[in-house]
2 protein chains.
Amino acid sequence: MGLTRSEIFTDEQNQLSTLLKAIAHPARIAILQRIIISNTCICGDLVGELGLAQATISQHLKELKLAGIIQGTIEGVSVCYCINPKTWKLLEEQLGGFLASYKGETTCC
Amino acid sequence: MGLTRSEIFTDEQNQLSTLLKAIAHPARIAILQRIIISNTCICGDLVGELGLAQATISQHLKELKLAGIIQGTIEGVSVCYCINPKTWKLLEEQLGGFLASYKGETTCC
DNA sequence: TAATTACATCGTAAAATTGCAATATATAAT
DNA sequence: ATTATATATTGCAATTTTACGATGTAATTA
């Protein structure tokens, strides 16, 4: 009916899928890459560089912030965004464990 | 308008987001974990174990197959699914590179 | 104080996702 | 040939996502 039945899955499965969903969009990947490159935080630059409307960028930033992947600090008139190291580490661990659990076996169908 | 503007992003960004979207659902994570555990492939078992309707499981399997993450082989009456090693490796590389590009810096906002 | 700048939020439309019952299909067993 | 079993497909409803114009808000500048 359009809503994910989270109750029937484990907390780990739900948490990982939430983090993945947050980064599973080309615009949000581009935003994260841009933040990572300019280690120091940017923001309004994204609007001019990505080719999406300001409202759209702001919405994507909100989603990344909601998932805890980035954090924003008010800096005068503008807002400075950067990676949240804690969540990034969590993502690396959870996802790394998940991906590494498959050992490319030879016995397959 | 409800449709992602893929044209304005790079092929790498689009490809990675497609793969991520495919695994960004608790049911599909659960399905992949189950396939990985029983290194040898299963299928109908999922319906009984996950608590989702047969049509729903079948649909999730279809999405994973479409993204190239799993592959299915007809085996008598049932179908045997397993991980597609090639795509899994691609995902590990692309995602690994992306996650590793952030070196938890100290200078942040 | 008024104007400007940077960003967030609201409202809305189009499209995609999630889930399931019902039905179709295809192979195996009787 | 008929029945049973396993999976796929169809059709539908509820919900979420994506995108953007318009508008609101908050801090800086004139």
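Every chain is numbered from 1 and lettered A, B, ... according to where its sequence line falls, protein lines coming before strand lines. Worth saying up front: this structure is predicted, and the values here are computed from it rather than measured. The basis for the numbers below is simple: all heavy atoms, side chains too, and nothing from hydrogens, waters or symmetry mates.
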Practice problem: With a 4.0 Å heavy-atom cut-off, tell me which residues in residues 9-19 of chain A come close to DNA chain C, sorted by residue number. | Solution: none
Atom [atom1] of [X] to atom [atom2] of [N]: distance rounded to whole Å?
X	N	atom1	atom2	result
B/Leu64	D/dT7	CG	P	16 Å
B/His60	D/dA8	NE2	P	13 Å
B/Arg28	C/dA16	CZ	C1'	12 Å
A/Ile8	C/dG19	CD1	P	7 Å
B/Leu50	C/dC20	CG	P	11 Å
A/Gln59	C/dG11	CD	P	14 Å
B/Ile57	D/dA8	CD1	P	11 Å
B/Leu66	D/dA8	CG	C1'	14 Å

Quiz item: What nucleic acid atoms does A/Thr56 come within less than 4.0 Å of, heavy atoms only: base, sugar-phosphate, or nothing?
Solution: base
Exercise. With heavy atoms under 4.0 Å as the rule, sort A/Leu52 into base, sugar-phosphate or nothing.
Key: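 Touches sugar-phosphate only.
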Exercise. Before giving the answer on side chain to side chain contact (heavy atoms under 4.5 Å, CB included), spell out for A/Val79 and A/Leu61 the whole-Å C-alpha distance, their side-chain angles and the decisive distance to 0.1 Å.
Key: CA-CA 11 Å; A/Val79 175; A/Leu61 287 167; over 6 Å; no
Exercise. Tell me, with the steps shown, if B/Ile70 and B/Ile31 meet side chain to side chain contact (heavy atoms under 4.5 Å, CB included).
Key: CA-CA 10 Å; B/Ile70 62 173; B/Ile31 287 173; 5.5 Å; no
Less than 3.5 Å apart, which donor and acceptor atoms pair up between the side chains of residues 87-98 of chain B and the rest of the protein, not counting sequence neighbours?
{"residue": "B/Thr87", "atom": "OG1", "partner": "B/Gly68", "partner atom": "O", "Å": "2.6"}
{"residue": "B/Trp88", "atom": "NE1", "partner": "A/Leu99", "partner atom": "O", "Å": "2.9"}

Exercise. Flag yes if more than 12 heavy atoms outside A/Glu49 fall under 6.0 Å of its CD atom; otherwise flag no.
Key: yes
Quiz item: Does B/Ile74 CD1 have over 12 foreign heavy atoms under 6.0 Å away?
Solution: no
Quiz prompt | SG on B/Cys82 to CG on B/Leu32, rounded to 0.5 Å | solution = 11.5 Å
Quiz item: Can you check side chain to side chain contact (heavy atoms under 4.5 Å, CB included) on B/Ile69 and B/Leu19, steps first, answer last?
Solution: CA-CA 8 Å; B/Ile69 294 174; B/Leu19 288 174; 4.2 Å; yes
Quiz item: For D/dA8, does OP1 or OP2 lie under 4.0 Å from any side-chain N or O of B/Tyr81?
Solution: yes
Self-check item: Phosphate contact (C/dG19 OP1 or OP2) by B/His25 side-chain N/O below 4.0 Å
Solution: yes
Practice problem: On DNA chain D, check which nucleotide each of A/Gly51 and A/Thr4 is closest to and give me the residue with the more 5' one. | Solution: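 Taking each residue's closest nucleotide, the earlier one in sequence belongs to A/Thr4.
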Quiz item: Tell me, for nucleotides 21-30 of chain D in 5' to 3' order, what letter each nucleotide earns: B for a base near a protein heavy atom under 4.0 Å, S for only sugar-phosphate near one, - for neither?
Solution: BB----SS--
Quiz prompt | DNA chain C: 5'-proximal contact among A/Ser6 and A/Asp45 (nearest heavy atom) | solution =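 Here A/Asp45 is the residue nearer the 5' end.
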Between [options], spot the one nearest the side chain of [X], thanks.
X	options	result
B/Lys62	D/dT9, C/dA8, D/dC20	D/dT9
A/Ser78	D/dT7, C/dC7, D/dA19	C/dC7
A/Lys21	C/dA15, D/dC20, D/dT17	D/dT17

Exercise. Applying side chain to side chain contact (heavy atoms under 4.5 Å, CB included), run through A/Glu63 and A/His25 and close with a yes or a no.
Key: CA-CA 11 Å; A/Glu63 268 182 80; A/His25 190 286; over 6 Å; no
Practice problem: Could you tell me whether a side-chain N or O of B/Arg28 sits under 3.5 Å from a main-chain N or O of B/Ala22, the two making a donor and an acceptor? | Solution: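 Pair found, side chain donor or acceptor close to backbone of B/Ala22.
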Quiz item: Where do A/Ser17 and B/Pro26 come nearest, in terms of heavy atoms and distance?
Solution: OG-CD, 3.2 Å
